[in-house]
Amino acid sequence: MRASLKGRYENDKSTGVATVAFNTGDVKLRASVTDATFVNGPSLNGLSLAVEKPGFFIVDYNVPKKDFRFQFMNAVKVVDKPLNLTYIHSRGDKRTILDGTLVIDSANKISANYMVGTENCKLKYTYVHRGLMTFEPCYDLAKNSWDFAVSQKVYSDDVLKATYQTSSKNLGLEWSTNSKLNGNFKFSASVNLAEESKMPKLSAESMWNFEM
């Protein structure tokens with residue numbers, strides 16, 4: 001059995017999520033609760049259940065909303081290159097998303113994300129330079145705009161990432177560390193360059209995993 005605790009802290013609020021997962025053969029069962037489950041006494045708010053077969057499917061059930069979310073994954077070969085496909089359907093809001101990633105080699109891949117029945121479609125190219133620096137330009141067809149992300153491995157467990165969204169003029173900076181010993185932490189700051197005040201929004205996330 002594996003458990004995880006995740007907390008998120010922002011300028012004006014904080015949230016928490018606790019997850020317990022255990023394997024039954026090749027299928028994983030998972031239950032998650034948020035701080036909303038306990039804030040006004042025990043309730044079903046924030047409770048979700050999931051069944052997962054890694055690499056094949058995930059079925060999520062939001063208990064208070066009585067809403068199912070289905071996710072199916074598959075991989076095929078295109079000109080001897082792996083193409084990873086994902087189908088996601090949320091029954092409650094009737095959204096269907098198709099996602100595909102073509103892995104050209106260890107340093108290059110192309111991905112597309114499309115919401116069926118809408119103009120929401122994003123195309124992204126990912127390039128990893130010497131295994132240390134990653135460039136990710138992304139084109140949003142609906143907004144006719146570009147998003148850019150650059151990340152750099154600073155130490156073996158630390159990554160510094162900068163993002164910029166041209167449509168909203170949002171600039172972001174993120175520092176994350178992934179350590180089996182000390183847990184996972186992420187510190188983020190973002191500022192909207194279109195606003196006069198240009199006050200940064202700050203947030204911090206922490207996650208701890210436990211084997212039980």
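Below, each value reflects all heavy atoms present in this structure, side chains not excepted, and no hydrogens, waters or symmetry copies.
Rounded to the nearest 0.5 Å, atoms CD1 (Ile88) and CG (Asp60) are 10.0 Å apart. Between atom CD of residue Glu136 and atom NZ of residue Lys161 there is a gap of 5.5 Å, rounded to the nearest 0.5 Å. Between Asp147 atom CG and Ser167 atom OG the span is 6.0 Å, to the nearest 0.5 Å. The distance from atom CZ of Arg95 to atom CG of Asn120, rounded to the nearest 0.5 Å, is 9.0 Å.
No hydrogens or angles considered: a donor-acceptor pair under 3.5 Å links the side chains of Thr19 and Ser32. Defined by atom type and a distance below 3.5 Å, a donor-acceptor pair is missing between the side-chain atoms of Thr15 and Asp35. In this model, a donor atom of one side chain and an acceptor atom of the other lie less than 3.5 Å apart for Asn108 and Tyr125. Judged by distance alone, the side chains of Tyr139 and Asn144 do bring a donor and an acceptor atom under 3.5 Å apart.
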Q: Show your reasoning for whether salt bridge (Lys or Arg N to Asp or Glu O under 4.0 Å) applies to Lys198 and Glu196.
A: CA-CA 6 Å; Lys198 294 183 175 57; Glu196 291 186 7; over 6 Å; no

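A salt bridge links Glu52 to Arg30: at least one charged side-chain nitrogen sits closer than 4.0 Å to a carboxylate oxygen.
Follow the hydrophobic side-chain contacts under 4.5 Å out from Leu123 and you reach Trp146 in the same cluster.
In plain terms, the two heavy atoms of Asp93 and Ser90 that are nearest each other are OD1-CB, 2.9 Å.
Relative to the ring axis of Phe56, Lys53 places its NZ or CZ within 45° and under 6.0 Å from the centre.
Annotation: Tyr61 is in aromatic contact with Phe68 [ring centroid separation under 6.0 Å].
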